[in-house]
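Taking it in order: structure first as structure tokens, then the write-up.
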Amino acid sequence: MGGDDGTGVAAAVRLGEGVPLGEVLDVRDPDSWLSLDLGVRELAWSQRQLMPTRAEVINGQASGGLEGSAVRRQGRELDDARLALALCHADGRVRKAAVGKAAGRPALLPLVVVRCADWAAPVRERARTVLRVGLDGADVAGLAALVLKSGRRDRGEFAVGLLRELLRQAPHGRLIPLLADRDLDVRRFAHRIAVAERRLTPAELARTAARDKDMVVQNLCADAALAGASETDYDEVLVPLLGSRNPWVRSAGVTGLRRAGQAGRAQEFLADRSSLVRACARYVVRQEGVDPLPLYRDWCTRGGEMPPGAPAGLGECGVRADAELLWPLVRHPVGAVRVGAVVGLRALDAVEAERLRTLVDDPAPAVAREVVTALAPSAGSLDADWLLARLAPDRPRHTRLAAFRLLDVQGGLIQLRCAVALLNDSDDKLRRWSEQSVQRWRPSTDRPFGDAQVAELLGQCEHLFSTYVLDRLKREAGIRS
């Protein structure tokens with residue numbers, strides 16, 4: 001929602017001293033307006049001499065200002081800076097009068113937006129009347145982020161509805177800047193309107209789905225592109241979707257292949273790097289009467305020519321006996337293939353801890369991470385000393401992280417030993433993980449009640465607990481304070 005961290009008060013003081021509005025605020029930042037609104041109210045109780053009076057606002061002439069200051073406003077027209085203070089005033093009567101004076105002043109329209117959610121009904125109703133007239137010719141691209149942020153407040157839905165209705169009826173050129181706005185909420189809002197009003201062609205929607213970095217926009221546009229595509233523009237729609245980096249967008253494109261009469265192309269995506277895309281590709285080829293399992297088995301016997309996603313795909317649709325095709329691939333020279341082999345073994349429930357643990361030392365971080373996921377359920381069967389040796393500072397960072405995770409899930413004394421050993425480690429991530437591990441540690445049945453080694457280890461990490469929490473933990477472990 002935005003709040004005042006002191007910047008709003010500072011801005012209010014500068015406005016009261018006569019500094020122009022554009023020099024005080026970043027007018028494109030919604031938080032600057034919301035902070036000013038809070039800051040003026042705080043200032044009104046401590047420095048009332050800076051605040052405009054109701055009479056000043058009604059008369060339209062400045063009469064306040066800092067006493068003794070070089071700034072003299074008597075007899076001058078009420079400027080935007082002074083009126084901005086009045087629009088945020090703690091007195092609702094002043095705010096109401098200021099809203100009326102703000103009509104026809106585009107620079108103050110953001111504060112009119114804020115007043116549309118005012119707790120005082122007279123202020124709120126007058127602000128809504130002013131906004132309804134002023135928004136039509138305003139720079140909506142500059143106001144949209146503030147409208148949407150204010151819309152999360154109680155009574156803030158009016159301005160959002162007004163903006164939505166304006167953009168639905170406005171020429172397309174007025175909507176275009178919002179489709180590329182840097183504010184995420186604005187982009188989502190604008191694309192929802194564009195889709196609902198069919199302002200973009202299926203090809204344009206597909207390109208947006210492939211290009212935009214936000215998943216909500218990607219999914220919205222991909223769905224709309226496929227729903228609106230006809231036989232004549234399938235290629236323009238499918239090419240960007242299938243080439244997207246986002247798995248969901250690619251999967252939408254793969255699913256659309258069948259409707260486009262190009263289901264045969266789905267075989268290209270059976271070995272995609274994403275499990276979602278692979279699943280969609282299997283669905284499409286099966287609808288055409290093709291069994292993907294022989295294809296996966298064939299790929300997994302090709303050696304160096306293998307698509308990296310094939311081992312994982314084999315695990316997802318194979319049988320337990322297919323694990324014999326996957327075990328040789330955990331030594332494949334391509335790291336992505338090794339990752340896929342581990343994923344496939346886990347999918348087949350064919351993980352053998354002692355056979356797989358050596359991949360903790362794999363040179364590829366992605367392989368080590370996947371091995372940890374596969375071994376975590378059986379971590380208690382692993383040799384703790386072997387894992388502790390991999391915490392040594394001379395080991396690769398990803399190996400140390402993998403070993404720590406496997407020791408941490410074992411719990412008990414092993415968890416506490418490895419965590420305490422890393423409390424002063426030079427690696428920030430390991431040090432942070434070790435602190436968190438110690439703080440969530442609980443005694444287990446692997447050590448006797450009141451164990452001296454547990455007491456010694458807890459004594460090395462007292463700084464991580466409050467006295468109350470540490471005493472409680474010691475009591476649980478049977479250790480005298």
Side chain to side chain contact (heavy atoms under 4.5 Å, CB included) for V99 and K96? Distances and angles first, verdict last. CA-CA 5 Å; V99 169; K96 180 181 176 183; 5.9 Å; no
How many angstroms lie between CG in D425 and CZ in F404, if you round to the nearest 0.5 Å? 10.0 Å
For D214, which of R188, R182, R187 qualifies under salt bridge (Lys or Arg N to Asp or Glu O under 4.0 Å)? R188
Assess whether side chain to side chain contact (heavy atoms under 4.5 Å, CB included) is satisfied between R250 and R273, documenting all intermediate values. CA-CA 11 Å; R250 286 202 310 282; R273 60 185 179 273; 3.3 Å; yes
Is the backbone of R442 close enough, under 3.5 Å, to the side chain of E476 for a donor and an acceptor to pair up by distance? no
With a 4.5 Å limit on heavy-atom distance, are the side chains of I193 and L178 in contact? no
Main-chain N/O of A279 paired with E316 side-chain donor or acceptor, under 3.5 Å: no
Test side chain to side chain contact (heavy atoms under 4.5 Å, CB included) applied to V113 and L146, L108, L162, L135, the passing residue: L146
Heavy-atom side-chain proximity of P110 to L143 below 4.5 angstrom: yes
Over all atoms of both residues, closest heavy-atom pair of A229 and Y234: CB-CE2, 3.8 Å
Are any of the side-chain heavy atoms of L226 and L241 separated by less than 4.5 Å? yes
Carboxylate-amine/guanidinium contact R28 D139, below 4.0 Å: yes
Does any N or O in the side chain of H398 come within less than 3.5 Å of the main-chain N or O of D362, such that one atom is a donor and the other an acceptor? yes
Spacing of F269 atom CZ and L257 atom CG [to the nearest 0.5 Å]: 6.5 Å
Would you find a donor on one side and an acceptor on the other, under 3.5 Å apart, between the side chain of R124 and the backbone of D118? yes
Check A266 against V254 and note the closest heavy-atom contact, atom names and distance. CB-CG1, 4.3 Å
Of all heavy-atom pairs between V360 and A402, which one has the smallest distance, and what is that distance? CG1-CB, 4.2 Å
Within the distance-only criterion (no hydrogens, no angle test), does the side chain of W441 pair as donor or acceptor with the backbone N or O of G412 below 3.5 angstrom? yes
Step through the shown structure and confirm whether more than 12 heavy atoms of other residues, nucleotides or ligands are within 6.0 Å of CZ on R395. yes
Backbone of A90 reached by a side-chain donor or acceptor of R95 within 3.5 Å: yes
In plain terms, say whether D428 and R431 are close enough for a salt bridge, that is, a side-chain N and a carboxylate O under 4.0 Å apart. yes
Say you draw a straight line from CG of L85 to CG of L36; how long is it, rounded to the nearest 0.5 Å? 7.0 Å
Steps toward side chain to side chain contact (heavy atoms under 4.5 Å, CB included) verdict (F158, R132): CA-CA 10 Å; F158 174 84; R132 187 178 283 109; 3.2 Å; yes
Specify the closest pair of heavy atoms between R338 and P363, including all atoms of both residues, with the distance to one decimal. NH2-CG, 4.1 Å
So do Q218 and R245 actually touch side chain to side chain, heavy atoms under 4.5 Å? no
Taking the side chain as every heavy atom from C-beta outward, state whether E370 and R346 have any pair of such atoms under 4.5 Å apart. yes
CD/Q439 to CG/L464 distance, rounded to the nearest 0.5 angstrom? 5.0 Å
Can L413 and L457 be said to form a side chain to side chain contact (heavy atoms under 4.5 Å, CB included), step by step? CA-CA 9 Å; L413 181 64; L457 290 169; 3.6 Å; yes
Short question: side chain of R199, backbone of R168 - any donor-acceptor pair under 3.5 Å? yes
Under a 4.0 Å threshold between the charged nitrogen and the carboxylate oxygen, would D185 count as salt-bridged to K149? no
Side chains of V216 and R192 in contact at under 4.5 Å (non-hydrogen atoms): yes
Rounded at 0.5 Å granularity, tell me how far CG in N219 sits from CG in D212. 10.5 Å
Identify the two heavy atoms, one from G253 and one from L238, that lie closest to each other, and give their separation to 0.1 Å. O-CD2, 3.5 Å
Determine the sole option in L131, V123, V130 for which the side chain to side chain contact (heavy atoms under 4.5 Å, CB included) test with R115 is passed. V123
May I ask you to decide if T201's main-chain N or O and E204's side chain share a donor-acceptor pair within less than 3.5 Å? yes
Sidechain N-carboxylate O distance under 4.0 Å for E462, K474: yes
Does Q169, at its CD atom, have more than 12 non-hydrogen atoms belonging to other residues, nucleotides or ligands within less than 6.0 Å? yes
Quick check on side chain to side chain contact (heavy atoms under 4.5 Å, CB included): which of V438, L422, L401 does W433 satisfy it with? L401
Got T7 and S32 here, is their nearest side-chain heavy-atom distance under 4.5 Å? no
Under a 3.5 Å distance rule, please check whether S244 uses its side chain to pair with a backbone N or O of P240 as donor and acceptor. no
Taking every heavy atom of S251 against every heavy atom of V277, the minimum-distance pair comes out as N-CG2, 3.8 Å
CZ of R198: more than 12 outside heavy atoms within 6.0 angstrom? no
Under the 3.5 angstrom rule, does the side chain of D233 hit a backbone N or O of S230 as a donor-acceptor pair? yes
Does the side chain of S274 come within less than 4.5 Å of N246's, by heavy atoms? no
Is it true that E435 and R432 make a salt bridge, defined as a side-chain N closer than 4.0 Å to a carboxylate O? no
Distance, nearest 0.5 Å, that separates CD of Q415 from CG of D408: 4.5 Å
